[in-house]
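All values below were derived from every heavy atom in this structure, side-chain atoms included, with hydrogens, water molecules and symmetry-related copies excluded. Values in this document were obtained by computation on a predicted structure and should not be read as measured data. Sequential numbering from 1 along the given sequence is applied to the chain's residues.
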Amino acid sequence: MKYLYETIAVIAIIVFIGIFLYTDTMVQALGEEGWAGTDGVGSEMIEAQGYVPWIDNSDYTFTPPSGEIESCIFALQATFGGLLIGWIFGSWYTERKIKKTTN
């Protein structure tokens, strides 16, 4: 087959999406909070065992003054990450292209 790996990748993506939608539907049907996040769940489990934090992290955590600024900072972070990934893949592609033309 000419497109074996592409076909396998598409099937894997469809299966992943199906599993995601099924589990998300089941979590909502049970009335539980879906995708709570590991930080909150881990903190709750540790504090349920009687641990008392000895330092308050709110003194050292940056909290943006408004939701718009928080969204802007998140968008800038995503932009820089996308640019970095694009630059890396572009460098690899150009390097491969140059090696093919010189050989």
Side-chain angles (χ1 to χ4, degrees):
M1 286 185 67
K2 186 175 181 180
Y3 298 107
L4 177 65
Y5 294 121
E6 288 85 356
T7 306
I8 292 172
V10 168
I11 291 171
I13 290 170
I14 290 171
V15 167
F16 175 75
I17 290 171
I19 291 171
F20 173 77
L21 291 174
Y22 175 74
T23 55
D24 189 45
T25 304
M26 292 306 295
V27 166
Q28 289 178 1
L30 295 174
E32 298 175 4
E33 182 180 341
W35 313 105
T38 57
D39 290 339
V41 173
S43 298
E44 289 173 8
M45 290 180 68
I46 291 172
E47 289 173 2
Q49 295 176 0
Y51 174 77
V52 178
W54 55 275
I55 190 168
D56 183 18
N57 285 337
S58 63
D59 295 338
Y60 306 105
T61 304
F62 171 71
T63 305
S66 70
E68 291 85 7
I69 293 175
E70 184 176 2
S71 295
C72 179
I73 292 172
F74 179 76
L76 285 172
Q77 177 186 358
T79 302
F80 287 134
L83 288 172
L84 180 65
I85 291 170
W87 180 73
I88 290 170
F89 280 116
S91 298
W92 286 342
Y93 175 77
T94 306
E95 184 178 331
R96 275 184 63 202
K97 193 174 182 181
I98 290 172
K99 283 183 181 179
K100 282 185 180 180
T101 59
T102 58
N103 288 337

_Closest approach of E6 to K2 (non-hydrogen atoms, all atoms of both residues)_ = OE1-O, 4.3 Å
*How does the hydrophobic cluster around I14 look, that is, which other residues are in it when side-chain heavy atoms under 4.5 Å mark a link?*
V10
_Test salt bridge (charged side-chain N to carboxylate O under 4.0 Å, His left out) applied to E95 - qualifying residues, sequence neighbours left out_ = K99
_Positive for side chain to side chain contact (heavy atoms under 4.5 Å, CB included) with V15, one of I19, I17, I13_ = I19
*I46-W54 co-clustered via ILVMFWY side chain contacts under 4.5 Å*: yes
_Donor-acceptor contact below 3.5 Å, side chain T101 vs main chain I98_ = yes
*With ILVMFWY side chains joined below 4.5 Å, transitively, what does W87's cluster contain besides itself?*
L84, I85, I88, F89, W92
*With rounding to the nearest 0.5 Å, note down the distance linking CD1 in I8 to OH in Y3.*
15.0 Å
